[in-house]
S.K.: 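Sharing a structure with you now.
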Amino acid sequence: MIMEQEQAVICITHLPIVPHRRDDGHKGDYGHALIVAGQVGMSGAACLAGKAALRGGAGLVTVATPISIQPTIAAYEPSYLTLGLPETHGAIGFGALEAIHRALHVATAVAIGPGLGTAEPARQIVRALYRSLPIPMIIDADGLNVLAASGDDLTRDSGAGARIMTPHPGEFARLTGETTATIQAAREKFANEFARRHGLTVVLKGKETVVTDGYRMAINTTGNSGMATGGTGDVLTGLLTALVAQKLPPFEAAQLAVWLHGRAGDIAAEKHSQPGLIASDLLDYLGSAWLEIGA
Ligand SMILES: NC(=O)C1=CN([C@@H]2O[C@H](COP(=O)(O)OP(=O)(O)OC[C@H]3O[C@@H](n4cnc5c(N)ncnc54)[C@H](OP(=O)(O)O)[C@@H]3O)[C@@H](O)[C@H]2O)[C@@H](O)CC1
Ligand SMILES: Nc1ncnc2c1ncn2[C@@H]1O[C@H](COP(=O)(O)OP(=O)(O)O)[C@@H](O)[C@H]1O
């Protein structure tokens, strides 16, 4: 198999270096994560991603969301900022792109997609940001679904920043045009080929999450089936965005994020059982996972 000749698959047991926090550090040193997420009925996705970005160590986190759910999201966690976006039928509207652009001057990484919906404004906004945003961007959930609907056109402008996609197998099937079963039968191969062809980092989620930039590949060793519950992917998106906002390179940030996320899931399962695990439990145990690796 070509992949085996070109690269060794490594298990994530040797983690990248944890972002250093200087004794005299201040919040401006640890990046500003901007999370564009949520619609009416899916405010939870934005809350989970926003709080996970805080637990990932970002100095500042802003959750940008349709204005009608901004108060709900703000009430969930006082430690992040919120930005109310123009909306249509409870999901982001066309005017949101301008508002996001105004917020971008402070951001060091952006995530888009959790709970966002797939209506036309979301499609146009995701595509526009994907194509040209000069800073790193994490694309998840509905962000991936709207890009999948663009067919094979995943080209970007020359000044565009790094892109990291975090599909579950169903989303990756939509992106590639394969069936979920086909993807699952050769996860490393499909993730590697896609990442290389489009010049981005892919985090193909599920048991033994695959992380690849098309040249290097790592397989995660943490996590459990209790994490197969709504919202755990939104937590990963926020955590990963925080690490990228702190200037970790995408491949390293993705390895560290999936390891910490899975480890928080394993600790949560020890405390609450696998069936009893819910996504917000991961937020409670991310700190314990960080401590295990000396942070
Ligand atoms: N609290 C909140 O606000 C929450 C909000 N959320 C938000 O909801 C939005 C929709 O996201 P979603 O993942 O629920 O739906 P979607 O991608 O359309 O999947 C539908 C189909 O895809 C497949 N499939 C899914 N997973 C698979 C897997 N691992 N492996 C294989 N196949 C898999 C599966 O197809 P099947 O296997 O049934 O044929 C399934 O029926 C999104 O914006 C998200 O952020 C959620 O995060 C929940 C908490
Ligand atoms: N059986 C499993 N073993 C390990 N990790 C899992 C398992 N099932 C789900 N996960 C993890 O849980 C998360 C689920 O994300 P996702 O499918 O996007 O859910 P959601 O859209 O509800 O947030 C991923 O990080 C995935 O790797």
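In each ligand, atom 1 is the first atom listed, and ligand 1 is the first ligand listed.
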S.K.: Is the closest side-chain donor-acceptor distance between T229 and T232 under 3.5 Å?
M.R.: no

S.K.: I need the contact type for T209 against ligand 2. Using non-hydrogen atoms and a strict under-4.0 Å cut-off, is it side chain, backbone, both or neither?
M.R.: side chain

S.K.: More than 12 heavy atoms of other residues, nucleotides or ligands under 6.0 Å from CD of E120: is that the case?
M.R.: yes

S.K.: Does any N or O in the side chain of T65 come within less than 3.5 Å of the main-chain N or O of A37, such that one atom is a donor and the other an acceptor?
M.R.: yes

S.K.: Counting heavy atoms not belonging to D24, are there more than 12 under 6.0 Å from its CG?
M.R.: yes

S.K.: For ligand 2, note which part of H261 has a heavy atom under 4.0 Å away: side chain, backbone, both or neither.
M.R.: side chain

S.K.: Heavy atoms only: which of S225, A257, G206, G265 is nearest to atom 26 (C) of ligand 2?
M.R.: G206

S.K.: Could an N or O of ligand 2 be found under 3.5 Å from any N or O of D140, whether backbone or side chain?
M.R.: no

S.K.: For N145, does its backbone N or O pair with a side-chain atom of D142 as donor and acceptor, under 3.5 Å?
M.R.: no

S.K.: Applying a strict 4.0 Å limit to heavy atoms, is R174 in contact with ligand 1?
M.R.: yes

S.K.: Go through the side-chain N and O atoms of Y130 and R156 and say whether any donor and acceptor fall under 3.5 Å apart.
M.R.: yes

S.K.: List ligand 1 atoms under 4.0 Å from E171, heavy atoms only on the residue side.
M.R.: 17 (O)

S.K.: Does E77 reach the main-chain N or O of S79 with its side chain, forming a donor-acceptor pair under 3.5 Å?
M.R.: yes

S.K.: Are the side chains of H261 and T222 in touch, meaning some heavy atoms are under 4.5 Å apart?
M.R.: no

S.K.: Considering only protein heavy atoms, determine whether one is less than 4.0 Å from atom 21 (O) of ligand 2.
M.R.: no

S.K.: Within 45° of the ring axis of Y80 and under 6.0 Å from its six-membered ring centre, is that where the NZ or CZ of K51 lies?
M.R.: no

S.K.: Just to be sure I'm reading this right: ignoring hydrogens, which of A37, G170, A279 gets closest to atom 33 (C) of ligand 1? Compare them by their nearest heavy atoms.
M.R.: G170

S.K.: Run the numbers for me: atoms of ligand 2, each under 4.0 Å from some heavy atom of K205, listed by number.
M.R.: 15 (O), 16 (P), 18 (O), 24 (C), 25 (O), 26 (C), 27 (O)

S.K.: Evaluate the side-chain proximity of V18 to W290: yes if any heavy-atom separation is below 4.5 Å, no if none is.
M.R.: yes

S.K.: For the 3.5 Å polar cut-off, considering only N or O atoms, please tell me whether G233 and ligand 2 meet it.
M.R.: yes

S.K.: Hey, which atoms in ligand 2 end up nearer than 4.0 Å to a heavy atom of G223?
M.R.: 4 (C)

S.K.: Among all protein heavy atoms in this structure, tell me which lies nearest to atom 14 (C) of ligand 2, with the distance rounded to 0.1 Å.
M.R.: T232 OG1, 3.1 Å

S.K.: Can you tell me which residue and heavy atom of the protein come closest to atom 7 (C) of ligand 1, and the distance to 0.1 Å?
M.R.: M42 SD, 3.5 Å

S.K.: Within the structure, does N145 bring an N/O atom to less than 3.5 angstrom of an N/O atom in ligand 1?
M.R.: no

S.K.: Are any of the N/O atoms on T222, whether in the backbone or the side chain, positioned under 3.5 angstrom from an N/O atom of ligand 2?
M.R.: no

S.K.: After noting the C-alpha distance and the side-chain angles of Y215 and F251, does the key distance pass the ring-ring contact (aromatic ring centres under 6.0 Å, His included) rule?
M.R.: CA-CA 10 Å; Y215 298 91; F251 182 68; over 10 Å; no

S.K.: Backbone or side chain, does any N or O of P169 fall under 3.5 Å from an N or O of ligand 1?
M.R.: no

S.K.: Quick one: are L144 and R174 in side-chain contact, heavy atoms under 4.5 Å?
M.R.: no

S.K.: Where is the nearest protein heavy atom to atom 47 (O) of ligand 1: which residue, which atom, and how far?
M.R.: D234 OD2, 2.9 Å

S.K.: Which residue and non-hydrogen atom of the protein lie closest to atom 31 (C) of ligand 1, and at what distance in Å?
M.R.: T180 CG2, 3.4 Å

S.K.: Does A45 approach ligand 1 within less than 4.0 angstrom via side chain, backbone, both or neither, non-hydrogen atoms only?
M.R.: both

S.K.: At a 4.0 Å threshold, what atoms of ligand 2 neighbour a non-hydrogen atom of G230?
M.R.: 22 (O)

S.K.: Taking heavy atoms and a distance under 4.0 Å, where does M227 meet ligand 2: side chain, backbone, both or neither?
M.R.: both

S.K.: When you measure from atom 48 (C) of ligand 1 to every protein heavy atom, which one gives the shortest distance, and what is it?
M.R.: G231 N, 3.7 Å

S.K.: Between Q184 and ligand 1, find which residue part has any heavy-atom pair under 4.0 Å and reply side chain, backbone, both or neither.
M.R.: neither

S.K.: If you apply the rule salt bridge (charged side-chain N to carboxylate O under 4.0 Å, His left out), what do you find for K247 with E252, and how did you get there?
M.R.: CA-CA 10 Å; K247 307 284 186 215; E252 284 73 15; over 6 Å; no

S.K.: Are side-chain N/O atoms of T155 and D153 paired as donor and acceptor at under 3.5 Å?
M.R.: yes

S.K.: Judged by modelled atom types alone, do N220 and T209 share a side-chain donor-acceptor pair under 3.5 Å?
M.R.: no

S.K.: Is it the case that ligand 1 has an N or O less than 3.5 angstrom from some N or O of S43?
M.R.: no

S.K.: Geometry only, no angles: is E171 polar-contacting ligand 2 at N/O separations under 3.5 Å?
M.R.: no

S.K.: Just to confirm my output: which protein heavy-atom neighbour is closest to atom 7 (C) of ligand 2, and how far is it?
M.R.: N224 O, 3.6 Å

S.K.: Looking only at distances, please establish whether an N/O atom of ligand 1 is found under 3.5 Å from an N/O atom of G115.
M.R.: yes

S.K.: Report yes or no: is the cationic atom of R263 (NZ for Lys, CZ for Arg) closer than 6.0 Å to the six-membered ring centre of Y285, at no more than 45° off its axis?
M.R.: no

S.K.: Taking 4.0 Å as the limit for heavy-atom contacts, which would you say applies to V258 with ligand 2: side chain only, backbone only, both, or neither?
M.R.: neither

S.K.: Do ligand 1 and H168 have nitrogen or oxygen atoms that lie under 3.5 Å from each other?
M.R.: yes

S.K.: Could a heavy atom of G206 be found less than 4.0 Å from some atom of ligand 1?
M.R.: no

